[in-house]
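Below: the structure, in structure tokens.
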Amino acid sequence: MNKIEKIKKLKKERNAIILAHNYQRPEVQDVADFIGDSLGLAIEASKTDASVIVFCGVDFMAQSAKIVNPDKIVLHPEAGAKCPMAAMVNTTELKKMREEKKMDVVAYVNTTAETKAIADICCTSANAVKVVKSMPDGIIFIPDENLGKYVKRFVSKEMILWHGFCPTHEAISVEDIEKEKEKHPNAVIMAHPECTPDVIDVADKVASTEGMVRYAKESNEKEFIVATEIGLCYRMSKEMPDKKFYCLSHAICPTMKKITLEGIIKSLETMEPEVVIDDEIIKKARKPLLRMIELGRD
Ligand code: 13P
Ligand code: SF4
């Protein structure tokens, strides 16, 4: 039996569903029941009637699946697949800031469960503008400063920005995009809002990973430069074989790539590593997460 057949068999035996983020390795995307962005995955996790969720993504995404589904078993095949941006919030400092400023906290979903437990509402790159617009004037926005700056372009509210960032998107430069544009002058430039403001300035379309998939599907254009993690190009090329997608070869999120087919098999066999979160933290983190899901996409 090959690895794919093994996964299919184990999935059936465990009544499991595999959710995978758009940045996952091609072979992992190929065995997934659902592939999407952070918002789509959180929504899918909240709807599933499977008993077990195998989450192929980074830690905060697997935690979100557990928070919306506390009674289900959520397996994260590689516990070391952690988002460095989520680790950039110090909860003691955040609590202090919240008390001093007396402002609500909007937490990007790329945060730990402990951080979400302090937040008033969460957002993803697919609904950050909508979420901030729904809040009173004066908020603390954590942790992605670039996403915060992007939101500020559309909202005239006081926003205190945390100084977090994504190392993968921070490493994408305007020069990288210009080089691609020279090679493919007719290509439309799409960028993720985690990119720096100068990259956002040269983009034709700024969207979450799923937003980019939707935009490319609906567009009459045939070529796209994709300023985000390289994994998204696999999904787009597979789903739109008549179009060309140019990703940047250095735009790799190393932790996203830690999940492998072998890891998925092992976790379904051993039912480990399981995502475990303190009940009190789940109770507190659930509210901002469900508020975000309720608001939907921008
Ligand atoms: P999306 O929610 O757009 O998929 O982004 C998640 C992420 O981690 C981007 O780096
Ligand atoms: Fe985190 Fe960046 Fe990787 Fe997304 S691409 S999971 S923000 S490190």
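Both backbone and side-chain heavy atoms feed into the values below; hydrogens, waters and symmetry mates do not. Ligands are counted one by one from 1 in listed order, and the atoms in each one are counted from 1 as well.
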Between the side chains of Asp201 and Arg153, is the shortest nitrogen-to-carboxylate-oxygen separation below 4.0 Å, so that they form an ion pair?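 Judged by the 4.0 Å cut-off on N to carboxylate O distance, Arg153 and Asp201 do form a salt bridge.
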Decide, yes or no, whether a salt bridge links Asp30 with Arg25 under the criterion of side-chain N to carboxylate O below 4.0 Å.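 Not counted as a salt bridge, because no side-chain N and carboxylate O are separated by less than 4.0 Å.
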Report yes or no: do Ile177 and Met236 belong to one cluster of Ile/Leu/Val/Met/Phe/Trp/Tyr joined by side chain heavy-atom distances under 4.5 Å?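 Not linked; separate clusters.
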Suppose we measure from [atom] to each protein heavy atom; which comes out shortest, and what is that distance?
atom                   : result
atom 7 (C) of ligand 1 : Glu194 OE2, 3.6 Å
atom 8 (O) of ligand 1 : Asn110 ND2, 3.3 Å
atom 2 (O) of ligand 1 : Ser38 OG, 2.7 Å

So is [X] polar-close to ligand 1, meaning N/O to N/O under 3.5 Å?
X      : value
Tyr108 : no
His21  : yes
His192 : yes
Glu210 : no

Option nearest atom 1 (P) of ligand 1 (shortest heavy-atom distance, choices Thr209, Asn127, Val213): Thr209
Under 4.0 Å from a heavy atom of Tyr23: which atoms of ligand 1 are those, numbered in the order shown and with their elements? 7 (C), 9 (C), 10 (O)
Could you label the plane-to-plane angle of the His169 and Tyr23 rings as parallel, tilted or perpendicular, counting under 30° as parallel and over 60° as perpendicular?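 Ring orientation, 0 to 90° scale: tilted.
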4.0 Å heavy-atom contact, [X] with ligand 1:
X      : result
Ser125 : yes
Glu229 : no
His169 : yes

Would you sort out whether Phe55 and His76 count as a ring-ring contact (aromatic ring centres under 6.0 Å, His included), showing the intermediate values? CA-CA 5 Å; Phe55 204 101; His76 187 210; 7.1 Å; no
Record the part of Ser208 in heavy-atom contact with ligand 1 below 4.0 Å; permitted values are side chain, backbone, both and neither.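 Ser208 to ligand 1: contacts from backbone and side chain alike.
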Of the side chain and backbone of Asp37, name the one, both, or neither that has a heavy atom under 4.0 Å from an atom of ligand 1.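 Under 4.0 Å from ligand 1, Asp37 contributes backbone and side-chain atoms.
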Asp204 versus Ala187, closest heavy-atom pair with distance: OD2-O, 4.5 Å
Would you give the length of the straight line joining atom [atom1] of [X] to atom [atom2] of [Y], rounded to the nearest 0.5 angstrom?
X      : Y      : atom1 : atom2 : answer
Thr260 : Ile265 : OG1   : CD1   : 8.5 Å
Glu210 : Leu41  : CD    : CG    : 8.5 Å
Met240 : Arg235 : CE    : CZ    : 7.5 Å
Glu274 : Lys72  : CD    : NZ    : 13.0 Å

Intermediate values then yes/no, salt bridge (Lys or Arg N to Asp or Glu O under 4.0 Å), Asp37 and Arg297: CA-CA 11 Å; Asp37 63 358; Arg297 292 181 187 272; 2.9 Å; yes
Where do Glu194 and Tyr108 land on the side chain to side chain contact (heavy atoms under 4.5 Å, CB included) test, with the steps shown first? CA-CA 11 Å; Glu194 285 178 14; Tyr108 189 26; 2.6 Å; yes
Just jot down the ligand 2 atoms closer than 4.0 angstrom to any heavy atom of Glu194, in number order. 2 (Fe), 7 (S)
Less than 2.8 Å from atom 1 (Fe) of ligand 2 is the window; count the protein N, O or S atoms in it. 1
Chi angles and distances behind the side chain to side chain contact (heavy atoms under 4.5 Å, CB included) call for Phe165, Glu145: CA-CA 6 Å; Phe165 64 94; Glu145 190 171 2; 6.0 Å; no
